[in-house]
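Note that ligands are numbered from 1 as they come in the structure, with each ligand's atoms numbered from 1 the same way. Since this is a predicted model, take the numbers as computed values, not measurements.
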Amino acid sequence: METRLLPTDPKDALHESVREAVRILEGGDVVALPTETVYGLAGDVTSPDAINRIFEAKERPAFDPLIVHLPKRDQLGEVADVEPALEKPLRRLMEAFWPGPLTFILPKQPSVSDAITAGLPTVAVRMSSHPVIKRVLHELGRPLAAPSANRFGRISPTSAAAAQEELQGRIPLILDGGACSAGLESTIIRLEAAEPKPIIHILRQGPVTADQLKKFGKIAKKKKPRRETDAEAAATDTSPQPPMEAPGQTASHYAPRTPFRLLTSPADFSPEAGKRYALLSYRGEAKDGYLDLADFEEISILSPGSGKVPEAAVRLFFLMRQLDQLGVDEIIAEPVPEHGIGAAIMERLRRAAAEPRQSA
Ligand code: AMP
Ligand code: MG
């Protein structure tokens with residue numbers, strides 16, 4: 001299959017490209033398009049063919065559910081069923097963060113297929129602020145299921161070129177909307193009714209930080225993340241299982257092909273003779289103690305100059321992809337400060353460094 005790449009700039013091009021995307025989506029096929037977090041692979045929620053194609057193109061296992069994107073806030077009721085006690089806190093959060101990189105896990109409407117939710121009674125819902133997906137949703141008028149536009153277990157694409165690298169020949173169309181402004185996947189939360197404030201469970205860290213969320217509720221203490229082996233067991237074991245809080249949040253994820261090591265202390269490293277290394281540095285400063293650890297073939301800097309974590313977030317997946325293409329023997333990553341969006345970056349780095357498992 002030929003994968004076409006269409007521009008969304010200038011305005012005329014946007015109009016034409018959106019029209020083509022909507023035509024394809026109405027025909028039950030899939031389109032990769034930009035959101036503010038990462039590129040998504042979108043299909044009409046009401047089309048079983050489109051949902052199948054998303055799983056096929058991504059080689060995504062059926063136990064990993066998709067995120068649903070809404071055209072308008074008042075279409076939430078089409079996919080989710082909100083308990084009365086949560087209506088007010090949910091509305092406050094939606095008003096504060098939508099459109100934006102925050103996903104809610106809510107009880108699903110019966111019309112949402114089990115394929116989308118991987119058989120769960122809940123559905124993940126989001127409203128993106130990116131003008132391209134907003135236009136497509138507006139013209140289609142129906143919600144889209146859109147997980148990240150990468151093959152399962154791989155680095156999420158933050159540019160059209162990266163989406164092309166992942167899905168070339170597998171899908172008919174990619175809309176090029178430039179680089180993603182947040183650069184990390186959405187924050188995923190679940191709300192639990194409580195007085196005086198709801199409890200907020202953060203299932204996946206992301207651009208909306210715990211600090212920003214805490215005035216809307218009590219942030220629940222983190223549970224230990226479930227490991228991929230648990231997911232594999234859950235997929236094959238038919239005995240009753242406790243529900244998985246965050247399916248898809250498996251230990252080995254975001255995996256570059258090159259071995260990847262998160263080096264929390266430079267003292268823990270000595271280079272092996274003959275091995276070729278690259279460094280993913282936080283701010284590229286010698287005083288951090290990493291630059292001279294080896295004769296690095298390449299040093300990529302997440303936040304050049306000032307060392308700011310939001311800048312590091314935007315560049316993280318892009319630089320990981322670039323380093324992965326060098327063909328070195330190992331990529332060494334420096335830690336970043338674990339505050340604000342730095343917590344989400346560290347989570348991605350830990351997953352990238354986790355031992356790859358068979359199914360990833
Ligand atoms: P992606 O957009 O590719 O990052 O994938 C969507 C992710 O959202 C999945 O991997 C899950 O971690 C999460 N997700 C989607 N639906 C649910 C759900 N019903 N309950 C919990 N997590 C979900
Ligand atoms: Mg993903």
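In the model, D44 has a side-chain atom that pairs as donor or acceptor with a side-chain atom of T46 under 3.5 Å. Side-chain atoms of E78 and S111 form no donor-acceptor pair, as typed in the model, at a separation below 3.5 Å. D211 and T209 form no side-chain donor-acceptor contact under 3.5 Å, judged by distance and modelled atom types alone. With 3.5 Å as the limit, one finds a donor-acceptor pair spanning the side chains of E334 and S281.
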> Going through the distances and angles, do R19 and E16 end up as a salt bridge (Lys or Arg N to Asp or Glu O under 4.0 Å)?
Replying inline: CA-CA 5 Å; R19 214 167 52 185; E16 281 299 303; 3.3 Å; yes

>> As a quick check of understanding, evaluate side chain to side chain donor-acceptor pair (under 3.5 Å) for R190 and T122, giving each step before the final call.
In response: CA-CA 10 Å; R190 181 171 69 77; T122 51; over 6 Å; no

>> Run R23 and E20 through salt bridge (Lys or Arg N to Asp or Glu O under 4.0 Å) and show every step you take.
In response: CA-CA 5 Å; R23 191 187 65 77; E20 183 57 6; 2.8 Å; yes

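Residue contacts with ligand 1 include R60, since one of its heavy atoms falls under 4.0 Å from the ligand.
At least one N/O/S atom of S148, from backbone or side chain, sits under 2.8 Å from the Mg ion (ligand 2).
Which parts of ligand 1 touch L120 is read off a 4.0 Å heavy-atom cut-off, strictly below it: atoms 18 (C), 19 (N), 20 (N). Counting atoms of ligand 1 from 1 in the listed order, those under 4.0 Å from a heavy atom of S148 are 1 (P), 2 (O), 3 (O). Listed by number with element, the atoms of ligand 1 under 4.0 Å from a non-hydrogen atom of I67 are 2 (O), 6 (C), 8 (O). Counting the atoms of ligand 1 from 1 in the order shown, those under 4.0 Å from a heavy atom of T122 are 18 (C), 19 (N), 20 (N). The A124 neighbourhood of ligand 1 comprises atoms 15 (C), 16 (N), 17 (C), with distances under 4.0 Å to a heavy atom of that residue.
Only the side chain of I188 comes within 4.0 Å of ligand 1, judged by heavy-atom distances. By the criterion of a heavy-atom distance under 4.0 Å, the side chain of I105, and not its backbone, is placed next to ligand 1. With a 4.0 Å cut-off on non-hydrogen atoms, H69 does not touch ligand 1 at all. Neither the backbone nor the side chain of K108 has any atom closer than 4.0 Å to an atom of ligand 1 (non-hydrogen atoms only).
Classification of the Y277-F269 ring pair by plane angle, with boundaries at 30° and 60°, yields perpendicular.
Ligand 1 has no nitrogen or oxygen under 3.5 angstrom from a nitrogen or oxygen of T117. An N or O contact shorter than 3.5 Å links D64 to ligand 1 by distance. On a distance-only criterion, E185 and ligand 1 share no N/O pair closer than 3.5 Å.
The residue among P147, G206, A145 with a heavy atom at the shortest distance from atom 2 (O) of ligand 1 is P147.
F318 CZ: 12 or fewer foreign heavy atoms inside a 6.0 Å radius.
Salt-bridge annotation for R348 and E185: present, with a side-chain N of the basic residue lying under 4.0 Å from a carboxylate O of the acidic one.
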